[in-house]
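What follows is a short report on a single structure.
None of these values were measured; they are calculated from a predicted model.
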Amino acid sequence: MGIPVTEFERQAVGSRARKSALSLRPLLALTLLLGVAEGCAKKEKAASATGGEAAAAAGWWGADSTQLALDPGAFSRSTEITNTWLPLKPGLRMTYEGTSVNDEGEVIERKMQINVTDLTKMIGGVRSIVSWDLDWSEGQVVEAELACFAQDDSGNVWLMGEYPEEYDDGNGVVTANPAWFHGLEGSVAGILFPGRPEVGSPSFSQGWAPAVGYSDRGRVDSLGVRNCVPVDCYEDVLVLAESSGDEAGMEQLKYFARGVGNIRVHWRGTNDKEHHAFTLTKIEMLDAKGLAEIRASALALDKRGIAGNKMYAQTSPVKGPGAGSR
């Protein structure tokens with residue numbers, strides 16, 4: 001795209017590894033749940049014609065996969081992400097370290113970071129909180145992203161859309177920015193994490209974006225798991241199993257601890273060749289200075305997105321603190 005990144009990002013940008021499917025929207029990478037969240041059944045409706053028809057054509061959505069229409073009236077405090085399994089408070093920084101396997105079969109060192117800002121963005125009539133996320137490969141930033149989340153009145157955390165920038169060749173310019181946002185080009189928001197997760201509930205959509213090939217689905221795999229990561233050991237961990245329409249025979253497992261969020265990411269399935277494996281290595285609450293720094297970086301990324309991506313240019317600009325929840 002030829003759009004320069006910020007000085008902070010420029011110093012770290014390097015050769016790009018193959019893009020991970022990791023949605024850490026955990027933190028972040030973020031689901032229309034049937035039969036899991038209390039009160040969802042009465043809100044069920046078909047997806048928009050464009051998104052629904054595209055999904056059906058792809059053959060990925062099963063009979064239990066009817067989408068919920070996004071109801072702005074069900075988001076009275078949309079920017080307060082208080083779900084016990086995925087709390088996202090402004091100033092929260094979560095750092096993950098691990099490995100993956102590249103196209104040549106080499107194990108590479110990876111790092112991901114989630115930075116929850118105090119910025120918001122209006123999407124589909126719902127004000128969403130903005131996260132500024134970074135992805136490193138072999139010590140160099142290969143992607144920066146704005147991810148938008150909102151919590152409905154049943155406690156479901158929705159993934160509303162994403163604007164990523166991918167970097168290559170160490171030249172400090174954007175090489176790709178495949179954005180998607182609810183309501184644009186057939187994209188439909190999904191529930192990243194359900195308000196009341198139960199083992200055995202039907203699988204759910206975490207979003208549908210035919211323009212960029214995003215079709216992630218999740219299901220509650222297990223509860224009551226004990227798991228230790230560098231930060232701490234946790235009891236009663238919940239595991240989500242996630243997959244997508246073009247990745248048959250492979251799943252990504254995400255481990256969530258109460259009051260903390262995503263603590264581990266692992267892989268499962270004979271067809272998985274990338275073997276993404278991450279653990280939570282650090283949790284921080286940024287002070288006023290740190291929050292101002294991530295706010296500035298997110299605003300810069302928002303500005304570049306408006307200038308360099310036609311879809312993103314159709315969205316409402318990011319707003320600063322005090323914009324309200326609606």
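- In the model, Ser131 has a side-chain atom that pairs as donor or acceptor with a side-chain atom of Asp133 under 3.5 Å.
- With hydrogens and angles left out, the side-chain atoms of Tyr163 and Asp302 include no donor and acceptor closer than 3.5 Å.
- The structure places CD of Glu97 at 8.5 Å from CD of Glu109, a figure rounded to the nearest 0.5 Å.
- Between Trp267 and His275, the two ring planes are parallel [angle under 30°; tilted spans 30° to 60°].
- Under a 3.5 Å cut-off, the side chain of Asn83 and the backbone N or O of Pro194 do form a donor-acceptor pair.
- Between Thr82 and Pro87 there is no side-chain heavy-atom pair separated by less than 4.5 Å.
- Proximity of Leu88 to Gln151: side-chain heavy atoms (C-beta onward) are nowhere separated by under 4.5 Å.
- To the nearest 0.5 angstrom, Ser244 atom OG is 11.0 Å from Arg217 atom CZ.
- A heavy-atom distance below 4.5 Å is found between the side chains of Arg295 and Leu119.
- Closest non-hydrogen pair, Pro230 versus Leu280, comes out as CD-O, 3.4 Å.
- To the nearest 0.5 Å, the span separating NE2 on His266 from OH on Tyr255 amounts to 6.5 Å.
- Across all their heavy atoms, Leu134 and Ala144 have their closest contact at CD2-CB, 3.7 Å.
- In this model, a donor atom of one side chain and an acceptor atom of the other lie less than 3.5 Å apart for Thr120 and Arg127.
- Counting all heavy atoms, side chain and backbone alike, Leu253 lies closest to Ala241 at CD2-CB, 3.8 Å.
- Taking OG1 of Thr99 as the reference point, atom CD1 of Ile108 lies at 8.5 Å (rounded to 0.5 Å).
- Inter-residue side-chain proximity for Asp272 and Arg268 is flagged as unmet; no heavy-atom pair is nearer than 4.5 Å.
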- Message: As a quick check of understanding, evaluate side chain to side chain contact (heavy atoms under 4.5 Å, CB included) for Lys273 and Met250, giving each step before the final call.
- Response: CA-CA 9 Å; Lys273 306 301 180 185; Met250 53 191 290; over 6 Å; no
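- Contact of the Val231 side chain with the Ile263 side chain is not registered, since no non-hydrogen atoms from C-beta on lie closer than 4.5 Å.
- Classification of Glu251 and Arg219 as a salt-bridged pair holds, one side-chain N sitting under 4.0 Å from a carboxylate O.
- Scanning all heavy atoms of the two residues, the minimum distance from Phe149 to Leu159 falls at CE2-CD1, 3.7 Å.
- Side-chain contact between Trp158 and Val126: absent, with no pair of heavy atoms (C-beta onward) separated by less than 4.5 Å.
- Of all the heavy atoms in His182 and Gly124, the pair that sits closest is CD2-CA, 4.1 Å.
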- Message: Does Gln113 form a side chain to side chain contact (heavy atoms under 4.5 Å, CB included) with Arg93? I'd like the steps, not just the answer.
- Response: CA-CA 7 Å; Gln113 190 178 81; Arg93 168 177 286 169; 3.5 Å; yes
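- In the hydrophobic clustering of this structure, Val107 does not group with Val265; members are Ile, Leu, Val, Met, Phe, Trp, Tyr whose side-chain heavy atoms approach within less than 4.5 Å, directly or through other members.
- Thr315 has its side chain within reach of Lys121: a pair of non-hydrogen atoms, C-beta onward, lies under 4.5 Å apart.
- Expressed to the nearest 0.5 Å, how far OG of Ser128 lies from CD1 of Ile81 amounts to 8.0 Å.
- Considering only heavy atoms from C-beta on, Leu238 stays 4.5 Å or farther from Arg258 through its side chain.
- Linking Ile, Leu, Val, Met, Phe, Trp and Tyr whenever their side-chain heavy atoms come within less than 4.5 Å puts Ile283 and Val237 in one cluster.
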- Task: Starting from the C-alpha separation in whole Å, work towards a yes-or-no answer on side chain to side chain contact (heavy atoms under 4.5 Å, CB included) for Leu146 and Tyr312.
- Result: CA-CA 11 Å; Leu146 298 179; Tyr312 195 72; 3.5 Å; yes
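- Between Phe181 and Glu162, the shortest heavy-atom contact is CE1-O, 3.4 Å.
- Linking ILVMFWY side-chain heavy atoms closer than 4.5 Å, directly or via other members, places Met112 and Val101 in two distinct hydrophobic clusters.
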- Can you check side chain to side chain contact (heavy atoms under 4.5 Å, CB included) on Asn227 and Arg264, steps first, answer last? CA-CA 9 Å; Asn227 200 268; Arg264 179 184 294 274; 2.8 Å; yes
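- Taking CZ of Phe75 as the start and CG of Asp153 as the end, the distance is 8.0 Å to the nearest 0.5 Å.
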